[in-house]
Amino acid sequence: MKKYLMAFLLFANLCCDAQQAGKHVEIPPMPNGKVWKDTKGNPINAHGGGLLAHNGIYYWFGEIKKGKTWLVPDQQWEDYRVPAGGVSCYSSEDMHTWKYEGIALPSVTGNAKHDLDTSKVIERPKVIYNKRTKKFVMWMHVDANDYSYSQAGVAVSDKPAGPYTYLGSVKPNGQMSRDITLYKDDDEKAYIIYASESNKTMQVCLLSDDYLSPTTSYTRITSAINREAPAVFKYNKKYYLITSDCTGWSPNPATFAVADSLLGEWTQGGDPCTGTGAETTFQSQSTYVLPMPGQPNTFLFMADRWNKTNLEDSRYIWLPLQMVNGKPVIKWVDK
Ligand code: DGJ
């Protein structure tokens, strides 16, 4: 009898939950450029980030920018910094409500020789899953405060949200590596794409099968202007690369390039942004492009609106990217 009563109570409780679930649930809006909060009401701290879709859940990884912003002395540009805070992770099933999963890769305190020391630069982390090794692999830009180190760092985990174990950093094929992104193709081959040669070229380098090291297959993409902030996506068997100009934390126009293969030849396109504000990428800088499931012509363009004198207060801009006649088109939307 007691068993039946317990079962009834459990059923009643489930019904109650289901009724509540059936009620109108307020999904917080994500107004572009305003503070976005996680499910606990704290501002989302995941800058220069990227998304990983895994088993129906989206994981958002980004730079933790926390603390007072300061200006590195004696630089020829506005080298504003906060202590390197490591990499955060948030998860979501609906891309609106974001749960804080914690620090996926922590920075290190008091070890100036370590790549991840708080005195260094940890930027633009991206994560992909390796089906063969069943590991989640993170690549990121690690650097010295004056950007003279220019290396690509790699970390690995058994679980999507981490914690990740840092394995070290490299200059792929001896090449400088600054702003970085990661792309896994349909054939499971993966590539790092990074600003190199003092930002004069973007380079694409095929990774080893375990995704943990660069191979010797790489290409240099040249253009008339320096490039940063790479974001790659694939559409109709072609690869598209959106990048920014190099103006520190200040916004500038984006451009895209297109290729039949990630290792090139790349052809320069133009500015994918259109309408008022296009000339500054709507006061933001690209970081990632995600294909929208079930919408073959539509992608999510993710960007950062940096606040250079208060980097912790930098905001996010997520806009729809539509493919029109083989060209990416990004227009402003309020949310
Ligand atoms: C622009 C880069 O895209 C950012 O990731 C960061 O490195 C800033 N420059 C630093 O000024």
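Ligands are counted one by one from 1 in listed order, and the atoms in each one are counted from 1 as well. What you see below is based on every heavy atom in this structure, not just the backbone, and it leaves out hydrogens, waters and symmetry mates.
Of all non-hydrogen atoms in Ser169 and Val142, the two that sit nearest each other are CB-CG2, 3.7 Å. In this structure, Pro272 and Ile242 approach most closely via the heavy-atom pair CG-CD1, 4.2 Å.
For the pair Cys205/Ile192, a side-chain contact is recorded, criterion being any heavy-atom separation below 4.5 Å from C-beta on.
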Applying side chain to side chain donor-acceptor pair (under 3.5 Å), run through Gln268 and Ser223 and close with a yes or a no.
CA-CA 7 Å; Gln268 298 301 322; Ser223 74; 4.7 Å; no
Kindly determine whether Thr243 and Phe256 satisfy side chain to side chain contact (heavy atoms under 4.5 Å, CB included), including the steps that lead there.
CA-CA 6 Å; Thr243 55; Phe256 77 92; over 6 Å; no
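Ligand 1 lies under 4.0 Å from heavy atoms of Trp77, Glu123, Arg124, Tyr147, Asp179, Glu228, Gly248, Trp249, Gln285.
Lys234 forms no cation-pi arrangement with Phe299, by the criterion of a distance under 6.0 Å to the ring centre and an angle within 45° of the ring axis.
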